[in-house]
*Asks:* 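Encoded as structure tokens, here's the structure I'll be asking about.
Numbers here are sequence positions counted from 1.
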Amino acid sequence: MEDKEQKKLLQELEGSDRELGKKMGRLVSIVALSLAFFHLYVAGFGLPGIGSRTFLVIHLILGVVLAFLIFPIKKGLNQKTIPWYDLCLAVLTLGIGIYLINRQTAEAIMSARPTEVDLLVGALFVLIVIEATRRVVGLPLVIIAAIFMGYFFLGQFMPGDFYHNRGDFSRFVYEIVYRSNGIFGTPIYASAQFVFIFILFGAILESTGAGKMFIDLAIRGFGKYKGGPAKASVVASGMMGSISGSSTANAVTTGTFTIPLMKKVGFPSHVAGGVEVAASSSGQFLPPVMGAAAFIMVEFTGIPYYEIIKSAFIPAILAYVGILFMVHFEAGKHNISGMERSEMSSARKLLIRQGYMLVPILILLYYLVIERASVNASAFYTIIAMIVIALFTYRFKERLGRTILYAAILLALTFAMQYLVGYLNQGLVALNDVFGIRVFNNQTIRWRDSIFTMVLGGILVAFLFGIFQRMMKHDKVKSEYGTKELLEGFDTASRNALSIIVACATAGILIGVITTSGLSTKFTRIVIEFSDTIESSLPAFMITDNTQIYIALVLTVFACLLLGLGLPTTATYVVLAAVIAPVLTNLGLPIIVAHLFVLYYGVLADDTPPINLPAYATAGIANAGPIRTGVQGFKYDSAALLLPFMFAINPTILLITDATVLEMAWAVLTAAIGMATFASFIQNYMLTRYNIVERGVAVAAALLFIQSSLMTDIVAIGLFILLVAFQYYKKKKQQRAPEAV
């Protein structure tokens, strides 16, 4: 599947089948590029003389405008241009944005006495945001928002703890639009401040062809083993998913290459698609980006970003271990072999050809983990280095002398900027008087010395790889990376960010309703009372000190899967973090445990049928039914279904306890064995097919591994060893049977 076909498939899956001509396409690109360059500038140099509220308004308004320009009012219209009503909506949205910026310091707003015009504009803005969400994300989130808004206005008619009498129209509009606990609350702040810049990083990295390199490396490393292409798909999707903000985009990008290979070695079409669904979705739980939810988690929890990705790392790896076990047992059950070595690319040639694109990822990890730099600064410096490396490597190989001159000029300009920036700001300030505006100030452009370091480092990496490629006479190099590919990366980033922007805005409405209505303080009590009711109906032998938390966790799983149907991972997490996570923390779970718990099951909901966009994407590639593919995706992800219960009961694997290295290693080992056992239970196979007793032993052992006591671990390991030994005996017996005949 070519790049154009991939983009078309992705657009159709995400709700846009509008194919624009050059003029309208150029208009959309201008808005998309403006949004991307604006965020790159803010990440590198700070706000250009505007307040943080204005920054959020610009972020959301440009995102909504872009949504109306790209997404039609409904699918199937096959529009070749932007209809007049969508252009009017885009202009109206811009007008509302200007109004909100101008009114943010007005006396009526500051004193909580909005005028009738303020209320009218605010109500119209809420409707526009919801319509943009319907087009980009779909109906599920809109329905949830409608239920919450209905609850706000009808609270006086609700029974028991759900009763409230705050359902006033003026209060609703003021709280949701003009204060910081509604649309412009935590979710949209995280989207603007942190999420977008990492989506930009992933889009530019993908535009360099690094995604194909990840896939080829994974195939080279795992392709030869039993069920090799499926294992390679899992690893490649994990690498892509860790930096991607969209499981659907991840599924399309990697599935295009891996699904045909899986089918070639013997995997059925729906199974090949399901493996890709599970692997692509689980990437949203894998650091450093975690489907953009990690950055929103920072705002919800107050925990530093580094601590969040540190806690999420081991569970994310274990989740992929679970999928790999599922693939391995599937391949063993159907005797599916690996690929021939001749079918795989040489790892040495791959690294020669594009190994330089691993450098930006190392730079990003250095700033995030070693330097503990801010998220924005880390992403900004990495993007600068990545662009320089991508632009210069090919040119150093093909045109060494001329490229050295260009590199020297770029270095000189970058070095001189620290001295020129003051004069540039003075020139911009002078424009204020010329045009009668108040836009620029002496801090509009702020230079960072590290930019020169990134440019110099990028040029050195590009030079070394370019010279090395010349020496090796390696001609099979990716086509030249230039301005066109770079701008496509910026354009793609803005398009990919739309679902997160509008979903975060709508999620802000939910949070505003929860806060304003007082539901946030009541919901915990409601869940606890319900858990107590269930616990009181259980027999005495089933009641332990953890029974109530177990019940609450099980209820949370169902709530996560239900609320997450049809929502992007980020939107799912925002809703769950606002509604469900506080319940778990009030029951005694550490805040990071509660939020990672709801995030994991929110990610699992992303590949839960029947509303499952990644499955529709992979089913189209595999020529399989989307529902059947989605069921397989959920099945492959379910190997780690018990993982969040493991770290909820024993948070050692989250690295937040004072456990010793030996205790942490033991916790990780038992968790991995538990998932392997549970995977064998789901597949009804380990070394050979299970009988009913073996399958019962497998699930019993897996459930025992959830407990945090040494005794249950020893019993579980004993059952596991017994199970493996009996399976080995059965397999040997089956192998000897044909020989005896």
*Asks:* If every non-hydrogen atom of S281 is compared with every non-hydrogen atom of V603, which pair is closest and at what distance?
*Replies:*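 Here S281 and V603 meet closest at O-CG1, 3.1 Å.
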*Asks:* Answer with yes or no whether the side chains of D637 and S282 bring together a donor and an acceptor at under 3.5 Å.
*Replies:* yes
*Asks:* Rounded to the nearest 0.5 Å, what's the gap from OG1 on T670 to CH2 on W666? Could you check?
*Replies:* 6.5 Å
*Asks:* Quick one: do the S680 and T677 side chains pair a donor with an acceptor below 3.5 Å?
*Replies:* no
*Asks:* The test is side-chain contact (heavy atoms from CB on, under 4.5 Å); show your working for F705 and I717 and say whether it passes.
*Replies:* CA-CA 8 Å; F705 276 118; I717 289 177; 3.8 Å; yes
*Asks:* For the residue pair A698 and F681, what are the closest heavy atoms and their distance?
*Replies:* CB-CB, 4.0 Å
*Asks:* Any side-chain hydrogen bond (donor to acceptor under 3.5 Å, both in side chains) pairs touching residues 219-230, not counting sequence neighbours?
*Replies:* none
*Asks:* Please check if any side-chain donor atom of Y636 sits under 3.5 Å from a side-chain acceptor atom of E330, or the reverse.
*Replies:*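 A pair is found: one side chain offers a donor N or O, the other an acceptor, under 3.5 Å apart.
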*Asks:* Do the non-hydrogen side-chain atoms of L604 and F634 ever get within less than 4.5 Å of each other?
*Replies:*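 Counting from C-beta outward, L604 and F634 do come under 4.5 Å.
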*Asks:* If only atom types and distance count, is the side chain of Q632 paired as donor or acceptor with the main-chain N or O of H270 below 3.5 Å?
*Replies:* no
*Asks:* Hey, does the side chain of T712 reach the backbone of S709 with a donor-acceptor pair shorter than 3.5 angstrom?
*Replies:*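 Present.
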*Asks:* In Å and rounded to the nearest 0.5 Å, what is the CD1 to CE distance from I309 to M297?
*Replies:* 12.0 Å
*Asks:* Quick one: does any side-chain atom of Q683 pair with a main-chain N or O of F329 as donor and acceptor, under 3.5 Å?
*Replies:*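 Judged by distance alone, no pair lies under 3.5 Å.
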*Asks:* Main chain of G273, side chain of E276: is a donor-acceptor contact present, judged purely on distance under 3.5 Å?
*Replies:*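 No: the side chain of E276 does not pair with the backbone of G273.
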*Asks:* Whether the side chain of N586 engages the backbone of P582 through a donor-acceptor N/O pair (distance < 3.5 Å, no angle test) should be reported.
*Replies:* yes
*Asks:* About how many Å separate CG of L364 and CZ of F198, when rounded to the nearest 0.5 Å?
*Replies:*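 It is 5.0 Å, given to the nearest 0.5 Å.
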*Asks:* Heavy atoms only: give me the nearest A617-V252 pair and the separation to one decimal.
*Replies:* CB-CG2, 3.6 Å
*Asks:* Can you name the closest pair of heavy atoms from A679 and F325 and give their distance?
*Replies:* CB-CB, 4.0 Å
*Asks:* Within the side chain of K730, is there an N or O that forms a donor-acceptor pair under 3.5 Å with the backbone of A725?
*Replies:* no
*Asks:* Pairs of donor and acceptor atoms involving the side chains of residues 594-602, under 3.5 Å and at least two apart or interchain, shall be tabulated with distances.
*Replies:*
| from | atom 1 | to | atom 2 | distance (Å) |
| --- | --- | --- | --- | --- |
| H595 | ND1 | Y573 | OH | 2.7 |
| Y600 | OH | A640 | O | 3.1 |
| Y601 | OH | L641 | O | 2.4 |

*Asks:* One pair to check against side-chain contact (heavy atoms from CB on, under 4.5 Å): I219 and L261. What are the steps and the verdict?
*Replies:* CA-CA 10 Å; I219 291 173; L261 292 176; 3.3 Å; yes
*Asks:* Report yes if the side chains of L723 and L719 come closer than 4.5 Å at any heavy-atom pair, otherwise no.
*Replies:*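 Sidechains of L719 and L723: no contact.
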*Asks:* Indicate the atoms forming the closest heavy-atom contact of N650 with A667, along with that distance.
*Replies:*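 The pair with the smallest heavy-atom distance is ND2-CB, 4.0 Å.
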*Asks:* Just verifying a value: how many Å separate S638 OG and I323 CD1, rounded to the nearest 0.5 Å?
*Replies:*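 Between S638 OG and I323 CD1, I get 9.5 Å after rounding to 0.5 Å.
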*Asks:* Would you find a donor on one side and an acceptor on the other, under 3.5 Å apart, between the side chain of T258 and the backbone of S233?
*Replies:* no
*Asks:* Looking at I308, is its backbone amide N or carbonyl O close enough to the side chain of S311 to form a donor-acceptor pair, meaning the two atoms are under 3.5 Å apart?
*Replies:*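 Not at all, since once roles are kept as given, no pair shorter than 3.5 Å links the two residues.
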*Asks:* Any non-hydrogen side-chain atom of I653 less than 4.5 Å from a side-chain atom of M664?
*Replies:*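 A side-chain contact under 4.5 Å is absent here.
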*Asks:* Tell me whether the NZ or CZ atom of R695 lies within the 45° cone about the ring axis of Y690 and under 6.0 Å from its centre.
*Replies:*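 No cation-pi geometry.
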*Asks:* Is it true that the side chains of E663 and T652 contain a donor and an acceptor less than 3.5 Å apart?
*Replies:*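 The answer is no; no qualifying pair exists.
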*Asks:* Flag the pair F645 / V554 as yes when at least one side-chain heavy-atom distance between them is below 4.5 Å, and no otherwise.
*Replies:*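 With C-beta onward as the side chain, the pair touches.
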*Asks:* Does some side-chain heavy atom of L217 sit less than 4.5 Å from a side-chain heavy atom of V235?
*Replies:* no
*Asks:* Taking C-beta and beyond as the side chain, do V557 and L553 meet within less than 4.5 Å on heavy atoms?
*Replies:*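 Result no, sub-4.5 Å side-chain heavy-atom pair not found.
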*Asks:* Any heavy-atom pair between the side chains of F726 and V697 that's under 4.5 Å?
*Replies:* no
*Asks:* Just wondering, do E307 and I592 contact through their side chains at under 4.5 Å, heavy atoms?
*Replies:* no
*Asks:* Please walk me through it: do E694 and M686 pass side-chain contact (heavy atoms from CB on, under 4.5 Å)?
*Replies:* CA-CA 10 Å; E694 292 170 304; M686 183 181 283; over 6 Å; no
*Asks:* Are T254 and S237 linked by a side-chain donor-acceptor pair shorter than 3.5 Å?
*Replies:*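 There is such a pair between these side chains.
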